[in-house]
Amino acid sequence: FLWALLRESQMSQPHAATTPMIRLVKLSGEVLCSFDEKALKALTMKFGSTVKSLKHHCKSLVDASIYRQRLLLDNVELPDTQLLETLSQGSELQMILLPFQEEV
């Protein structure tokens, strides 16, 4: 449901006039998702307004738990407690997935 709402809010606005508030990309440069102001508000209402809540949203997109996800801004890892509203508009976050390691 939330994913449909986010996609609808991104599609309903003209692309030329819409600058994503936050954009998540893989290291390869592939865009995982982007959030305009309306989509970001929907995300924060559903999951909260921290980096950790963004990871919760992304776990189904990347098929990895929040504990394997790392989000970087300008090559610096963002703490889970950082508020999304502190990121500047147009921020591009890189997602790194740590390998799964079983206990021995």
Side-chain angles (χ1 to χ4, degrees):
F1 169 74
L2 179 62
W3 183 250
L5 176 67
L6 293 174
R7 289 186 62 80
E8 178 182 310
S9 71
Q10 291 171 342
M11 291 179 179
S12 65
Q13 300 180 14
H15 291 287
T18 303
T19 301
M21 296 283 291
I22 297 175
R23 190 165 92 150
L24 261 77
V25 297
K26 294 180 180 180
L27 286 178
S28 65
E30 178 188 345
V31 176
L32 288 169
C33 58
S34 62
F35 300 90
D36 61 15
E37 190 173 351
K38 186 176 178 181
L40 193 56
K41 187 173 183 177
L43 172 81
T44 58
M45 289 179 69
K46 172 84 173 172
F47 292 104
S49 61
T50 62
V51 167
K52 187 174 184 178
S53 30
L54 185 56
K55 289 179 181 182
H56 275 287
H57 169 72
C58 292
K59 66 183 177 183
S60 63
L61 292 174
V62 296
D63 195 28
S65 78
I66 63 168
Y67 306 105
R68 291 183 49 215
Q69 298 175 39
R70 298 295 182 266
L71 294 178
L72 283 69
L73 176 63
D74 298 327
N75 297 321
V76 177
E77 184 178 351
L78 298 174
D80 283 345
T81 55
Q82 182 164 345
L83 296 175
L84 296 175
E85 61 215 26
T86 62
L87 300 174
S88 36
Q89 183 166 350
S91 292
E92 184 171 280
L93 306 180
Q94 291 180 316
M95 166 135 343
I96 295 178
L97 295 177
L98 300 179
F100 178 76
Q101 294 188 353
E102 294 185 36
E103 286 189 42
V104 222

- Item | ILVMFWY cluster membership beyond Met45 - transitive side-chain contacts under 4.5 angstrom | none

- Task: For Thr50, enumerate each residue passing the side chain to side chain donor-acceptor pair (under 3.5 Å) test, keeping only those at least two apart in sequence or located in another chain.
- Result: Ser53

- Message: Testing Val51, Leu78, Ile22 one by one against Leu73 for a side-chain contact (heavy atoms from CB on, under 4.5 Å), which residue passes?
- Response: Leu78

- Query: At their closest point, which heavy atom of Arg68 faces which heavy atom of Phe100, and how far apart are they?
  - Reply: NE-N, 3.7 Å

- Item | With sequence neighbours excluded, residues passing side chain to side chain donor-acceptor pair (under 3.5 Å) with Gln82 | Thr86

- Rounded to the nearest 0.5 angstrom, the CE-NZ distance for Met21 and Lys38 is 15.0 Å

- Message: Would Phe35 and Leu84 count as a side chain to side chain contact (heavy atoms under 4.5 Å, CB included) here? Give the steps.
- Response: CA-CA 11 Å; Phe35 300 90; Leu84 296 175; over 6 Å; no

- Message: So, applying side-chain contact (heavy atoms from CB on, under 4.5 Å) with Gln69, which one of Leu24, Leu54, Leu97 is it?
- Response: Leu97

- Message: I'd like to check the side-chain contact (heavy atoms from CB on, under 4.5 Å) partners of Ile96; sequence neighbours left out, ordered by chain and number.
- Response: Leu27, Arg70, Leu72

- Students should find that the hydrophobic cluster of Ile66, defined by side-chain heavy atoms under 4.5 Å apart, otherwise consists of Tyr67

- Query: Side-chain heavy atoms under 4.5 angstrom apart, residues restricted to Ile, Leu, Val, Met, Phe, Trp, Tyr: same cluster for Leu87 and Val25?
  - Reply: no

- Message: Can you list everything that forms a salt bridge (charged side-chain N to carboxylate O under 4.0 Å, His left out) with Glu30? Sequence neighbours excluded, please.
- Response: Lys26

- Query: Rounded to the nearest 0.5 Å, how far apart are NE2 of His57 and CZ of Phe47?
  - Reply: 7.0 Å

- Across all chains, not counting sequence neighbours, the salt bridge (charged side-chain N to carboxylate O under 4.0 Å, His left out) partners of Lys52 are none

- Message: Restricting to salt bridge (charged side-chain N to carboxylate O under 4.0 Å, His left out), what partner residues turn up for Lys41, sequence neighbours left out?
- Response: none

- Item | Audit row: Cys58, Leu32, side chain to side chain contact (heavy atoms under 4.5 Å, CB included) steps and yes/no | CA-CA 9 Å; Cys58 292; Leu32 288 169; 5.8 Å; no

- Note on the structure: So the salt bridge (Lys or Arg N to Asp or Glu O under 4.0 Å) pairs with at least one residue in residues 79-94 (sequence neighbours excluded) are Arg23-Glu92, Lys55-Asp80

